Amino acid sequence: MPSPPEARVIGPGFHGRVTDVVRLVPPGSVVTYGDVGRLLGSAHIARQVGWALAACAPDVPWHRVVNARGELTSPSASEQRVRLAAEGVEFDDQGRVLLRRHRWQP
DNA sequence: GGCTTGACTAATG
DNA sequence: TCATTAGCCAAGC
């Protein structure tokens with residue numbers, strides 16, 4: 001039977017799973033790569049989450065995904081910060097997102 | 001079929 | 001709080 005169990009969330013459609021979760025993040029909120037990976041079933045795929053977002057569709061709010069420290073580690077961190085600020089997300093003096101305040105919890 | 005890279009995380013000092 | 005180390009997984013060559 002070619003039907004894989006739900007347990008195996010990671011598969012050939014891994015990229016689609018990542019973008020699907022990121023689309024659930026509401027404006028003004030952010031999530032970490034680890035959170036997205038955890039929703040997919042494994043918190044150890046944080047790197048793959050970033051890799052998947054690198055090739056995500058233009059309608060995916062990739063800018064709402066930051067690392068566990070609230071830092072913007074995307075290739076377009078500058079633009080990412082502008083987008084987040086436009087949604088009401090606040091940053092500290094170190095340029096990190098206030099996860100305590102804007103972290104999205106499903 | 002195997003090795004390297006990468007938008008990371010958690011643990012330790 | 002910061003720096004360093006080890007681990008994990010998927011895609012590309």
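These numbers come from the heavy atoms of this one structure, side chains and all, not from hydrogens, waters or symmetry mates. Numbered from 1 within each chain, the chains take letters A, B, ... in sequence-line order. Quick caveat: nothing in here was measured; it's all calculated off a predicted structure.
- A:Ala68 comes within contact range of the sugar-phosphate backbone alone, with a heavy-atom separation under 4.0 Å but no base atom that close.
- Contact annotation: A:Gln48 side-chain N/O to B:dT9 OP1/OP2 distance is not under 4.0 Å.
- One can place CZ of A:Arg17 at 14 Å from P of C:dA10, the figure rounded to the nearest angstrom.
- The side chain of A:Trp62 lies closest to B:dA7 when the candidates are B:dT9, B:dA10, B:dA7.
- With C:dC2, C:dA10, B:dA10 as the candidates, the nucleotide lying closest to the side chain of A:Arg38 is B:dA10.
- In this structure, A:His44 atom NE2 and C:dA10 atom C1' are separated by 15 Å, rounded to whole Å.
- Take the nearest nucleotide of DNA chain C for A:Gln94 and for A:Trp51: the residue whose nucleotide is more 5' is A:Gln94.
- Between the side chains of A:Gln48 and A:His15, no donor-acceptor pair of N or O atoms lies under 3.5 Å.
- Between C:dC2, B:dA7, C:dA10, one nucleotide has an atom nearer to the side chain of A:Arg96 than all others, and that is C:dC2.
- Annotation: cation-pi pair A:Arg96/A:Phe91 absent, no NZ/CZ under 6.0 Å from the ring centroid and within 45° of its normal.
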Q.
Wobble G-U and Watson-Crick pairs count when both distances are under 3.5 Å; given that, what is the 5' to 3' dot-bracket string of DNA chain B, with | for pairing to other strands?
A. .|||||.||||||

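- Between A:Arg83 and A:Glu87 there is no salt bridge, since none of the side-chain N atoms of the basic residue sits less than 4.0 Å from a carboxylate O of the acidic one.
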